[in-house]
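This report concerns only the one structure given below.
It should be emphasised that the depicted structure is a prediction, and the values quoted were computed from it without experimental measurement.
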Amino acid sequence: MKVRFLRLGYFVWVLALAAGVLAYLAWGLPHAIWSYSYYGGERGDFASRHYVRCTFVGPYGVFTVPAKNGRCGWVAFFKRKGDQ
């Protein structure tokens, strides 16, 4: 029985690691929503809220950004403040 030491299946983890590094370089690390500012939506009417500002917290600190199209996402990706 001949054992093959260089098989493509042995190097799949290298592709996954490379994809993770490329994603980090392109978008940064994930930050979770911490708070937001909005107007409208009185008495629990969440659908009519128009979000103005979203604050995210993560490994690189706190980022406050304007809402996109009146909405805040649950997670946003940011790079270090000096790396942008």
Task: For Leu15, the rest of its hydrophobic cluster, which grows through side-chain links under 4.5 angstrom - done: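 When side chains under 4.5 Å apart are linked, Leu15 ends up in no cluster with other residues.
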Task: Heavy-atom pair of closest approach, residues Lys79 and Leu25 - done: NZ-O, 2.7 Å
Open item on the list: Suppose the criterion is disulfide (SG to SG under 2.5 Å): which pairs have a residue in residues 12-43, not counting sequence neighbours?
Closed with: none
Going by atom type alone, with no hydrogens or angles, which donor-acceptor pairs under 3.5 Å involve a side-chain atom of residues 30-39 and a protein atom two or more places apart or on another chain?
from: His31; atom 1: ND1; to: Leu29; atom 2: O; distance (Å): 2.9
from: His31; atom 1: NE2; to: Tyr60; atom 2: N; distance (Å): 3.3
from: Tyr38; atom 1: OH; to: Arg49; atom 2: NH2; distance (Å): 3.0

Determine all donor-acceptor pairs shorter than 3.5 Å in which one atom belongs to a side chain in residues 65-75; sequence neighbours excluded.
from: Arg71; atom 1: NH2; to: Ala47; atom 2: O; distance (Å): 3.3

TODO: Treat each ILVMFWY residue as a node, draw an edge where side-chain heavy atoms are under 4.5 Å apart, and state whether Phe63 and Tyr24 are in one component.
DONE: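 Same cluster.
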